[in-house]
Amino acid sequence: RSTSSTLNDTGPKRGFADAVISKEGLTGVRNKNALFDHAFNLLKPTGKLIFTDLFLTGDDPECPEVAVWSAMEHRAMFLMNPGRFRDKLYDIGFDMPVMEDITELYMAGIRKAFARAPEILANAGDLAARLQPLLVREAEYWSRRTTLLESGEARVWMVTARVYQGGGPVQIS
């Protein structure tokens, strides 16, 4: 199936959702305009788009750090500059989105999770031998992601955008 029919084949009708929420699920989508148009159309007039994802810190999606990281992922990744992204959402019909850089919190969560790996293996008993390769693969995945973030070429942002509610200049009599 084509990407556009896959994006639009969600089942819910126009104006159905109070919110569209995603956690690092948008980076792999090349055509973000179609994705955000679709999300906008799913939302009620009072709806919100809320997500976390990786964004470029500069303007070059082909910079070496991002290109290497993307090539090693299970599918291609498409990062955007947050300013250009913000403008796209505004053009689609969202209020100016609130964007918060949560990279440090994100990295702390990764470190905390992997600090438990020795304890998990120690308590796994007979399953430890089967669990170890899975933990190694998971560590490699997250190591690539943290390396990209530590390079400074990408950051993790939390975005909240509301459907534009209208309103123009206030007239004073």
Side-chain angles (χ1 to χ4, degrees), residues 1-12 17-36 38-39 42 48-86 89 97-161:
R1 293 173 37 159
S2 76
T3 302
S4 99
S5 67
T6 303
L7 288 175
N8 296 319
D9 191 16
T10 60
D18 291 311
V20 173
I21 301 169
S22 173
K23 184 177 181 220
E24 291 102 52
L26 310 177
T27 307
V29 176
R30 180 187 301 266
N31 187 349
K32 289 183 178 36
N33 287 343
L35 174 71
F36 291 119
H38 184 62
L42 286 175
K48 287 189 220 179
L49 172 66
I50 305 165
F51 68 94
T52 59
D53 224 319
L54 282 78
F55 286 87
L56 291 172
T57 56
D59 288 325
D60 183 9
E62 302 299 322
C63 72
E65 293 84 354
V66 173
V68 168
W69 168 72
S70 179
M72 296 180 78
E73 290 293 297
H74 63 281
R75 62 182 175 163
M77 296 294 168
F78 307 97
L79 301 182
M80 286 184 61
N81 171 283
R84 287 190 180 144
F85 165 77
R86 180 196 61 229
L89 283 187
V98 175
M99 299 180 69
E100 179 183 0
D101 184 339
I102 61 166
T103 306
E104 298 311 316
L105 182 62
Y106 186 84
M107 297 282 282
I110 294 168
R111 288 184 195 104
K112 184 177 179 180
F114 279 100
R116 294 189 52 229
E119 174 190 345
I120 291 169
L121 284 174
N123 293 329
D126 294 341
L127 292 175
R130 288 184 23 211
L131 187 57
Q132 189 172 7
L134 298 173
L135 281 172
V136 168
R137 277 198 304 273
E138 196 70 10
E140 289 169 347
Y141 170 85
W142 288 104
S143 178
R144 288 191 303 270
R145 189 165 280 216
T146 57
T147 299
L148 173 66
L149 295 171
E150 288 170 344
S151 78
E153 294 295 333
R155 304 288 291 171
V156 180
W157 292 76
M158 182 171 71
V159 178
T160 303

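This is a predicted model, so every value here is computed, not measured. Each residue takes its place number in the sequence, starting with 1.
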I'd like to know whether CD of Q132 has more than 12 heavy-atom contacts from other residues, nucleotides or ligands below 6.0 angstrom.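 It does not: Q132 CD has 12 such atoms or fewer within range.
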Over 12 foreign heavy atoms within 6.0 Å of CG, N123: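 Enclosed: over 12 neighbouring heavy atoms sit under 6.0 Å from CG of N123.
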Is it the case that the side chain of [X] and the backbone of [Y] share a donor-acceptor pair, with hydrogens and angles ignored and the cut-off at 3.5 Å?
X	Y	answer
T146	S143	yes
S151	L148	yes
T160	V98	no

Distance, nearest 0.5 Å, that separates [atom1] of [X] from [atom2] of [Y]:
X	Y	atom1	atom2	answer
F85	W157	CZ	CH2	11.0 Å
K23	F51	NZ	CZ	14.5 Å
D18	K48	CG	NZ	10.0 Å
L26	M77	CG	CE	11.0 Å
I102	M107	CD1	CE	12.5 Å
D60	N81	CG	CG	11.0 Å

As a quick check of understanding, evaluate side-chain contact (heavy atoms from CB on, under 4.5 Å) for E73 and R144, giving each step before the final call. CA-CA 9 Å; E73 290 293 297; R144 288 191 303 270; 3.9 Å; yes
State, to 0.1 Å, how close [X] and [Y] come at their nearest heavy-atom pair, and which atoms those are.
X	Y	result
S22	G25	OG-N, 3.3 Å
A161	P97	CB-CB, 3.8 Å
G152	T57	O-OG1, 2.6 Å
A154	L149	O-CD2, 3.4 Å

Single hit among L89, I50, L49 for side-chain contact (heavy atoms from CB on, under 4.5 Å) with V159: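 Testing each of L89, I50, L49 against V159, the sole residue satisfying side-chain contact (heavy atoms from CB on, under 4.5 Å) is L89.
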Is the shortest heavy-atom distance from the side chain of R137 to the side chain of L134 under 4.5 Å?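 When only atoms from C-beta onward are counted, L134 and R137 do touch, with a gap below 4.5 Å.
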Hey, are the side chains of L105 and V156 touching, using non-hydrogen atoms and a 4.5 Å cut-off?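 No; the side chains remain at least 4.5 Å from each other.
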Answer yes when E104 and R155 have at least one side-chain N-carboxylate O distance shorter than 4.0 Å, and no when they do not.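 Yes, E104 and R155 are salt-bridged.
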Set out, in order, the CA-CA distance, both residues' side-chain angles and the distance that settles side chain to side chain donor-acceptor pair (under 3.5 Å) for W69 and E65, then state yes or no. CA-CA 6 Å; W69 168 72; E65 293 84 354; over 6 Å; no
Step by step, work out the side-chain contact (heavy atoms from CB on, under 4.5 Å) result for M158 and M99. CA-CA 6 Å; M158 182 171 71; M99 299 180 69; over 6 Å; no
Checking L127 against R130 for the side-chain contact (heavy atoms from CB on, under 4.5 Å) test, could you report, in this order, the C-alpha distance in whole Å, the side-chain angles of both residues, the deciding distance, and whether it holds? CA-CA 5 Å; L127 292 175; R130 288 184 23 211; 3.9 Å; yes
Looking only at side-chain N and O atoms, does W142 offer a donor or acceptor that is under 3.5 Å from a partner on E138?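 The criterion, which ignores hydrogens and geometry beyond distance, is satisfied for W142 and E138.
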State whether a side-chain donor-acceptor pair under 3.5 Å links Y141 with R145.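 Short answer, yes.
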Could you go step by step and tell me if M80 and L56 meet the side-chain contact (heavy atoms from CB on, under 4.5 Å) rule? CA-CA 5 Å; M80 286 184 61; L56 291 172; 5.8 Å; no
